[in-house]
Each structure stands twice: as structure tokens, then as C-alpha cells.
Amino acid sequence: MRMKMSKLFKNKVFRSGFLVGLIISAVVNYVDYIGKANINLPTHTKNEFGFPFDFYRWGGYVSEVEILWLGLIANILIAIIFSFLLGLISSLFGRKSQRED
């Protein structure tokens with residue numbers, strides 16, 4: 001059975017799955033940041049974080065801070081795709097469990 005996109009976005013189970021996917025993506029990036037921020041590296045090295053692509057870099061002799069835009073855009077797209085798929089899967093399982101009741 002096919003579901004229209006407008007109905008899919010109005011589906012509460014889909015929205016919950018989508019939101020969970022976004023939260024998972026944010027938490028994974030935060031954990032990556034915490035893991036790399038607490039490492040004592042020499043002052044001249046640059047630290048980067050982001051998962052799956054680095055999108056933020058800091059450090060160096062002059063203490064530079066950079067946003068890596070391609071990594072940031074790629075991470076946002078991956079988070080949206082991951083969240084959409086998670087929402088779609090949860091909505092499919094939610095629909096099957098409603099039919100069994």
C-alpha cells in the first residue's frame with residue numbers, strides 16, 4: 001500500500017521516528033566533540049570533529065576556528081536522510097502493529 005507524502009508527514013509515528021533520528025544524529029556528533037575536545041594534544045595541532053564528516057576545526061599556532069561547510073552540509077543531509085528512513089520504517093511497523101490489534 002502506498003502512502004502519499006503529505007499523509008506520511010502528518011503521521012504521528014513517522015514524525016516521532018524522524019525526530020528520534022535527528023536526536024540520534026545530534027547526540028553522535030556531540031559525543032564525537034566531547035571525545036576529541038578532552039584530548040591533550042600539542043598546541044600546534046588542529047582538532048576536528050563531526051560524524052561522519054568533520055565540520056568544525058579549531059587549534060593551531062594562532063588558535064584558528066573554522067567551519068568546514070561541505071562537511072556541515074553533508075552531515076545535515078545525512079541526518080535528514082537517516083531520520084526520514086527511520087521515520088518511514090517506524091511508520092511501517094506502526095501501521096502493521098495497528099492492523100494486528
Side-chain angles (χ1 to χ4, degrees):
M1 290 201 269
R2 295 185 103 154
M3 182 184 273
K4 288 185 177 182
M5 280 295 217
S6 61
K7 285 185 180 179
L8 185 64
F9 288 114
K10 291 178 184 175
N11 186 342
K12 186 188 275 188
V13 177
F14 172 82
R15 286 186 295 177
S16 298
F18 189 84
L19 184 63
V20 166
L22 288 179
I23 291 171
I24 288 171
S25 298
V27 167
V28 167
N29 276 293
Y30 179 73
V31 168
D32 186 52
Y33 169 74
I34 293 298
K36 291 180 180 177
N38 293 328
I39 296 174
N40 291 327
L41 295 174
T43 57
H44 63 279
T45 58
K46 291 189 175 187
N47 301 315
E48 299 173 333
F49 86 92
F51 181 82
F53 300 106
D54 292 334
F55 64 87
Y56 189 77
R57 180 184 300 152
W58 74 96
Y61 286 115
V62 192
S63 223
E64 302 173 29
V65 174
E66 278 183 90
I67 295 176
L68 308 173
W69 291 105
L70 287 177
L72 180 63
I73 292 168
N75 284 349
I76 290 171
L77 287 175
I78 288 173
I80 289 171
I81 292 169
F82 171 70
S83 299
F84 181 80
L85 291 175
L86 191 62
L88 191 62
I89 290 169
S90 64
S91 115
L92 290 174
F93 282 118
R95 207 174 322 137
K96 284 183 182 180
S97 68
Q98 287 174 356
R99 272 193 242 139
E100 292 174 1
D101 291 339

Side chain to side chain contact (heavy atoms under 4.5 Å, CB included) assessment of R57 paired with V65: CA-CA 6 Å; R57 180 184 300 152; V65 174; over 6 Å; no
Verdict with reasoning, K46 to E66, per salt bridge (charged side-chain N to carboxylate O under 4.0 Å, His left out): CA-CA 10 Å; K46 291 189 175 187; E66 278 183 90; 3.8 Å; yes
D54 and K36: CA distance, side-chain angles, deciding distance, side chain to side chain contact (heavy atoms under 4.5 Å, CB included) verdict: CA-CA 12 Å; D54 292 334; K36 291 180 180 177; 4.0 Å; yes
Pair L72-F53, side chain to side chain contact (heavy atoms under 4.5 Å, CB included): steps then yes or no: CA-CA 7 Å; L72 180 63; F53 300 106; over 6 Å; no
Side chain to side chain contact (heavy atoms under 4.5 Å, CB included) assessment of F55 paired with I76: CA-CA 10 Å; F55 64 87; I76 290 171; over 6 Å; no
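Between the CG atom in L22 and the CG atom in L86 there is a gap of 9.5 Å [rounded to 0.5 Å]. Here the OH-OG1 distance, from Y61 to T45, works out to 9.5 Å after rounding to the nearest 0.5 Å. To the nearest 0.5 angstrom, N75 atom CG is 10.0 Å from L68 atom CG. How far CG of L85 is from CZ of F18: 10.0 Å, rounded to the nearest 0.5 Å.
By the criterion of side-chain heavy atoms lying less than 4.5 angstrom apart, applied directly or through intervening Ile, Leu, Val, Met, Phe, Trp or Tyr residues, L19 is not grouped with L77; the two fall into different hydrophobic clusters. Note on I24: it does not cluster hydrophobically with I78, by side-chain heavy-atom contacts below 4.5 Å among ILVMFWY residues. Residues F82 and L88 do not share a hydrophobic cluster, defined by chaining ILVMFWY side chains whose heavy atoms lie under 4.5 Å apart. There is no path of hydrophobic side-chain contacts, each under 4.5 Å, that joins F51 to I67.
For Y33, the ring pair (Phe, Tyr, Trp, His ring centres under 6.0 Å) partners two or more places apart in sequence, or in a different chain, are F49, W58. Remark: I89 engages F93 in a side-chain contact (heavy atoms from CB on, under 4.5 Å) (not counting sequence neighbours).
No donor-acceptor pair under 3.5 Å is formed between the side chain of S90 and the backbone N or O of F14.
Here the closest heavy-atom approach between residue A79 and residue S25 is recorded as CB-OG, 3.6 Å.
L70 CG: 12 or fewer foreign heavy atoms inside a 6.0 Å radius.
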